[in-house]
Number of protein chains: 2
Amino acid sequence: MSGRNTERQPKYQRIAAELRAAIEAGEYGPGERLPGENDLMAAHGVARMTARQALGVLQAQGIVEARKGAGVFVRDFKPIRRRGIERLSHSQWGSGRSIWEADAEGRDLVVDSVEVAEEEAPAVVAGMLDLPDGARVCVRRRRFVLDGKPVLLSTSYLAAELVAGTPITQPDTGPGGTYARLEDLGRKPVRFREEIRSRMPSAEEADRLALPAGVPVMLVVRTAFDEEGVAVEVNEMALDSSAYILEYDFEA
Amino acid sequence: MSGRNTERQPKYQRIAAELRAAIEAGEYGPGERLPGENDLMAAHGVARMTARQALGVLQAQGIVEARKGAGVFVRDFKPIRRRGIERLSHSQWGSGRSIWEADAEGRDLVVDSVEVAEEEAPAVVAGMLDLPDGARVCVRRRRFVLDGKPVLLSTSYLAAELVAGTPITQPDTGPGGTYARLEDLGRKPVRFREEIRSRMPSAEEADRLALPAGVPVMLVVRTAFDEEGVAVEVNEMALDSSAYILEYDFEA
DNA sequence: TAGTGGTCTAGACCACTAA
DNA sequence: TAGTGGTCTAGACCACTAA
């Protein structure tokens, strides 16, 4: 402790910056344990709440993860590359493969839970599908798990009238999935739109994706259009942002 | 206080959930002031640090913003729709318009600061541009401001040798911008790749984008390829995620 | 069982905002 | 100038982890 306050910066920020620099310098590698609250209290002569605040900064930045009873650890990052356009080409699902198999690249990406129900369409979805307010939709909710870690929540909406009696209302939609079945119905998807947002997760999303503090979700809303330009499906997805890179390739 | 602990949930989370429900019920609209620390201390009989923790939850979720000396306020959200593919069509920049003008849609989107320099290429960028390690690149750093609020930081890299002596090394690159100048050089971009990630901002990004706590950044890395399939430009962007929706339209 | 992070108290002082 | 959020202390007890 040289003077009263060498820098015009709060103590907790100085401690956080110091730890961050140490991580970036490789002093603490991915998965390694950082000095804990007690270490920081002793090393910097601060109160517990101040040491916690410093660690809180790194957690909020998503570069560190606290495990209660064990310590604070450096996080690592090995994302899935999701090729937005090729994965949805007709040759993919037309050949009977599922879309998300294209993302896996040899890793273990599986559907963990499927839930199919008929419900009233949320207002925004009804609008996008060009259905009257309060129309019935078939809702397919799925969770995708990569190497044991949930990475994606997907909720797909289709007009109930359109898909009644087809495998789309079943947990297993058959080879090529929903899009292949829409083709069977004469409503082949020929154009897609994906909208991407990002924000911090809701409590439920954080729970279902097992997200540590400081990790945002990416929200992808995909709309599939048939040859007439009519929207046939809306799929709302919440992605663990530490697990994904979204890639789009296109011509000028 | 009815019992010792009615729910098996920390006080600060209960208070946060209560406030969140009130916001969602419309009791506090966008821009309105929430009960502050002192109000919460009195209303719930808790210590200052506990009241702060409750407000901290809402800040971390990005639905609330604290203004020192003034109070805690509900945040609002009116995003820019960025059409990933059309905005980069040749008809856009070929006609002398700038790409980002396509995003503005009547709002006041301006370049706030431009910085051009020749530097050594960062290793990843050198790799993407297929340049030898340590090669010189022209680096163009810009900040975009929408209605007075910074929303986008852009850093563009081009081989120094390629662009030497052209307007690309000047702050103002002329009508149609960098891509039109690359066309002049016989290296017209014909294909683009955009990679999207999301994470919490670094301290510098949060500062330059004036981001409140709890708002992530979206990172877009665009690579432009010429007719030979050679990468001619890499553009790394950091976007205020509360200001943008990214949209991609494509065929099956 | 020793150590860890998580929650919480009851104070204090500060810079800042807005009336 | 009164009120606000931001920082900080020096304690306490808890559930949990890992040896």
Side-chain angles (χ1 to χ4, degrees), chain A residues 1 3-19 28 31-60 63-75 203 206-207 210-214, chain B residues 1 3-19 28 31-60 63-75 203 206-207 210-214:
Chain A
M1 310 299 121
R4 270 290 133 187
N5 207 339
T6 336
E7 310 283 332
R8 261 281 135 282
Q9 199 188 14
K11 289 185 190 178
Y12 79 93
Q13 285 184 22
R14 291 228 316 279
I15 298 173
E18 194 179 303
L19 285 173
Y28 306 99
E32 270 182 54
R33 189 172 175 284
L34 286 176
E37 295 178 0
N38 298 329
D39 302 308
L40 294 179
M41 287 166 72
H44 294 86
V46 295
R48 160 166 251 97
M49 290 300 274
T50 305
R52 283 185 60 74
Q53 243 180 314
L55 292 169
V57 169
L58 301 183
Q59 282 186 68
I63 66 180
V64 129
E65 173 181 6
R67 293 203 277 272
K68 136 150 82 166
V72 179
F73 299 84
V74 179
R75 210 134 73 194
D207 183 57
L211 292 177
Chain B
M1 306 308 119
R4 269 292 132 187
N5 208 340
T6 336
E7 309 283 333
R8 260 284 138 280
Q9 197 188 17
K11 288 185 192 178
Y12 79 94
Q13 284 183 22
R14 289 230 316 279
I15 299 172
E18 196 179 302
L19 286 172
Y28 306 100
E32 269 182 54
R33 189 173 175 283
L34 287 176
E37 296 177 0
N38 298 329
D39 302 308
L40 294 179
M41 287 166 71
H44 294 88
V46 295
R48 160 167 250 94
M49 291 299 274
T50 305
R52 283 185 61 72
Q53 242 181 315
L55 292 169
V57 169
L58 301 183
Q59 283 186 67
I63 67 180
V64 129
E65 172 182 7
R67 292 204 278 273
K68 135 150 83 166
V72 179
F73 299 84
V74 179
R75 208 135 72 195
D207 183 57
L211 292 178

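Numbers restart at 1 for each chain; the letters A, B, ... are given by sequence-line order, proteins then strands. Everything numeric in this text was worked out from a predicted model, so none of it was measured.
Atom CG in A:L40 sits roughly 15 Å away from atom C1' in D:dC8 (whole-Å rounding). Rounded to whole angstrom, the span from the CG atom of A:N38 across to the P atom of C:dG6 amounts to 12 Å. Distance CZ (A:R48) to C1' (C:dG3): 10 Å, rounded to an integer number of Å. As a whole-Å value, the separation of A:M49 CE from C:dA10 P is 14 Å. Taking atom CD of residue A:Q53 and atom P of nucleotide C:dG6, one finds them 14 Å apart after rounding to whole Å. The interatomic distance linking B:R33 (CZ) with D:dG5 (C1') rounds to 10 Å, in whole Å. Between the CD atom of A:E37 and the C1' atom of D:dC8 there is a distance of 15 Å, rounded to whole Å. Between A:H44 atom NE2 and D:dT7 atom P the separation is 17 Å, expressed in whole Å.
Under 4.0 angstrom from either OP1 or OP2 of D:dG6 there lies at least one side-chain N or O belonging to B:R52. Listed pair B:Y12 / C:dT7 meets the phosphate criterion, a side-chain N or O lying under 4.0 Å from OP1 or OP2. One finds no side-chain N or O of A:T50 lying less than 4.0 angstrom from the OP1 or OP2 phosphate oxygen of D:dT7.
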Quiz item: So what does the secondary structure string of DNA chain C come out as, 5' to 3', with Watson-Crick or wobble pairs under 3.5 angstrom, [ ] for crossing and | for pairs with another strand?
Solution: ||||||||||||||||||.

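Within the 4.0 angstrom heavy-atom criterion, only backbone atoms of the sugar-phosphate kind lie near B:R67; the bases stay farther away.
Not one N or O on the side chain of A:R33 forms a donor-acceptor pair closer than 3.5 Å with the backbone of A:V74.
Counting only heavy atoms from C-beta on, B:V72 has its side chain closest to D:dG5 among D:dG5, C:dT4, C:dT9.
Of all heavy-atom pairs spanning B:L58 and B:A16, the tightest one is CD2-O, 3.7 Å.
Summarising the geometry, atom CG belonging to A:L34 is positioned 11.5 Å from atom CD belonging to A:E65; distances are rounded to the nearest 0.5 Å. Annotation: the span from A:M49 atom CE to A:Q53 atom CD amounts to 7.5 Å, rounded to 0.5 Å.
Residue whose closest nucleotide on DNA chain D sits further toward the 5' end, between A:F73 and B:A66: B:A66. Take the nearest nucleotide of DNA chain D for A:K68 and for A:V46: the residue whose nucleotide is more 5' is A:V46.
Taking the side chain as every heavy atom from C-beta outward, A:R48 and A:N38 approach each other to under 4.5 Å. B:L55 has its side chain out of reach of B:I15: every pair of non-hydrogen atoms, C-beta onward, lies at least 4.5 Å apart. Contact of the B:Q13 side chain with the B:K11 side chain is not registered, since no non-hydrogen atoms from C-beta on lie closer than 4.5 Å.
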